[in-house]
Amino acid sequence: MQTIDKFNFAGKKAFVRVDFNVPLDENFNITDDTRIRAALPTLKKILADGGSPIIGSHLGRPKGVDEKFSLKHIIGRVSELLGVDVQFANDCVGEEAAIKAAALQSGEVLLLENLRFYAEEEGKPRGLAADASDEEKAAAKKAIKESQKEFTKKLASYADCYVNDAFGTAHRAHASTALIAKYFDTNNKMFGYLMEKEVKAVEKVMTDINRPFTAIMGGSKVSSKIDIIENLLSKVDNLIITGGMTYTFTKAKGGKISNSICEDDKLELALDLIEKAKEKGVNLVLAVDAKIADSFSNDANTKFCPVDQIPDGWEGLDIGPETEKIYAEVIKNSKTILWNGPTGVFEFDNFTHGSRSVGEAVVEATKNGAFSLVGGGDSVACVNKFGIADQVSYVSTGGGALLEAIEGKTLPGIAAIREY
Ligand code: AMP
């Protein structure tokens, strides 16, 4: 497999798929440029070699051409961060894009307009009537798959090589994230630096595991984490199930959870998972006490109680001190740690203590040589809130992509570089 470090971009045009899906305020100012910064090492390497990056990205979820989602809003910031005046093509597959791409000189950068202005990027028909028949749906699907080929081919035609640095969309088999790779031979397609780091981090928790391996799975619902939990049961030594999921497990075991969040249709499933963990010899760690509240609010009255004896009218919004100790003990003795999801409603300052204590234990384990991967929306928000993002081994930039990778799925964006 080709790697970005080995590749010499001198005199080459590189189609670089990045994730510049940055948040913008109502005046189209970027409010967080982390994603642009994350792609800089790749873009700078291409420029330093004497190559010319042709940057493709999506922004938001437009349903067609829509000014609001134009990538022109970010030209200034990208130029500033790269130290090069970035050129812009107003239509990613229009004549202008082809001409500008062809004229691009070594050291110059071209940013293409939002790829998702075209339905072909995602390969899903748009504008189908709500009452469309199955035949109409099938015909529309077939048509878009056909035009997607042309779209992909056009994007590929601009460049000599393809670099995928968009881990955030690696779980999508879109034109620019996966399909385009087949227009480049093995030597001319590669991951960017960010993608490489993400892939390596995932491998460290999925295949190249140093034991004991502890996964901390938080979040509100068992139903949204079930596939991940099942996959992890055949990999981990310890599985901490926490957050809102705690109460579905507690109720399933016969505990009293009163108003706590619970999926009543998942009680059987919870018992099943407890059984499976036993069969596989996984140490399933559940909370023993909770910080409870008399309403779902930061200002609610609070107290601690055993997790299975929550009084009427109260609900568990975080773990209690006994649980914190148990979790910390397990985490500190681990050599590999995966953390996804808070232990409670960390958005409320009065219920962050548990998540913070998990974060501190992860940091301590990391200091002692453990590999720690934090990922999935809310856990990233947690480590940022607690100011510990730089004290864990890796914070993933890809929410959905990371979760699918942990479910054990092959990500199309990764497979496209490795296998096609
Ligand atoms: P998820 O989006 O499924 O990863 O879940 C994260 C969300 O779960 C966060 O917004 C938390 O506020 C929420 N959460 C965690 N613990 C609880 C709880 N005990 N009760 C209600 N929501 C919770």
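Counting starts at 1 for both ligands and their atoms, following the listed order. Atoms considered below: every heavy atom in the structure, side chains included; atoms not considered: hydrogens, waters and symmetry mates.
- Taking 4.0 Å as the cut-off, G341 does not count as a neighbour of ligand 1 on heavy-atom distance.
- Residue contact check for ligand 1: E315 places no non-hydrogen atom closer than 4.0 Å to it.
- Taking the ring centroids of F69 and F117, they lie at or beyond the 6.0 Å cut-off.
- At the top of the distance list for atom 20 (N) of ligand 1, counting protein heavy atoms only, stands I261 CG2, 3.5 Å.
- Counting only heavy atoms of the protein, atom 11 (C) of ligand 1 lies nearest to E347 OE1, 3.6 Å.
- Looking at atom 16 (N) of ligand 1, its nearest protein heavy atom turns out to be G244 N, 3.1 Å.
- Considering both main-chain and side-chain atoms, K225 comes within under 3.5 Å of ligand 1 through a nitrogen or oxygen pair.
- The closest protein non-hydrogen atom to atom 19 (N) of ligand 1 is G316 O, 2.9 Å.
- Judged by the 6.0 Å distance and 45° axis criteria, K235 is not positioned over the aromatic ring of F213.
- Between the side chains of S372 and T366, at least one donor N or O sits under 3.5 Å from an acceptor N or O.
- In terms of protein heavy-atom proximity, atom 23 (C) of ligand 1 is nearest to V345 CG2, 3.5 Å.
- Looking only at atom types and distance, the side chain of S70 has a donor-acceptor partner in the side chain of E113 under 3.5 Å away.
- Looking at P342 next to ligand 1, no N or O pair under 3.5 Å apart turns up.
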- Assess whether ring-ring contact (aromatic ring centres under 6.0 Å, His included) is satisfied between F167 and F191, documenting all intermediate values. CA-CA 9 Å; F167 183 70; F191 296 140; 9.4 Å; no
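- Every atom of ligand 1 with a heavy atom of G219 under 4.0 Å away is listed here by number and element: 1 (P), 3 (O), 4 (O), 5 (O), 6 (C), 8 (O).
- Within the structure, ligand 1 lacks F351 among the residues with a heavy atom less than 4.0 angstrom away.
- Using a 4.0 Å cut-off to heavy atoms of G243, the atoms of ligand 1 that qualify are 16 (N).
- Residue, atom and distance of the protein heavy atom nearest to atom 6 (C) of ligand 1 are D378 OD2, 3.0 Å.
- Panel note: side chain S260, backbone E315; no donor-acceptor pair is recorded below 3.5 Å.
- Among E121, R17, H174, the one residue that satisfies the side-chain hydrogen bond (donor to acceptor under 3.5 Å, both in side chains) test with H58 is R17.
- Close approach of ligand 1 to Y247 (heavy-atom distance below 4.0 Å) involves ligand atoms 19 (N).
- Between S220 and ligand 1, an N or O atom pair is found at a separation short of 3.5 Å.
- Sorted by first and then second residue, the salt bridge (charged side-chain N to carboxylate O under 4.0 Å, His left out) pairs with a member in residues 359-375 read K332-E364; sequence neighbours excluded.
- By the 6.0 Å contact criterion, NZ on K335 is enclosed, its count of non-hydrogen atoms from other residues, nucleotides or ligands being greater than 12.
- The aromatic rings of Y162 and F184 lie parallel to each other, with less than 30° between the two planes, well short of the 60° mark.
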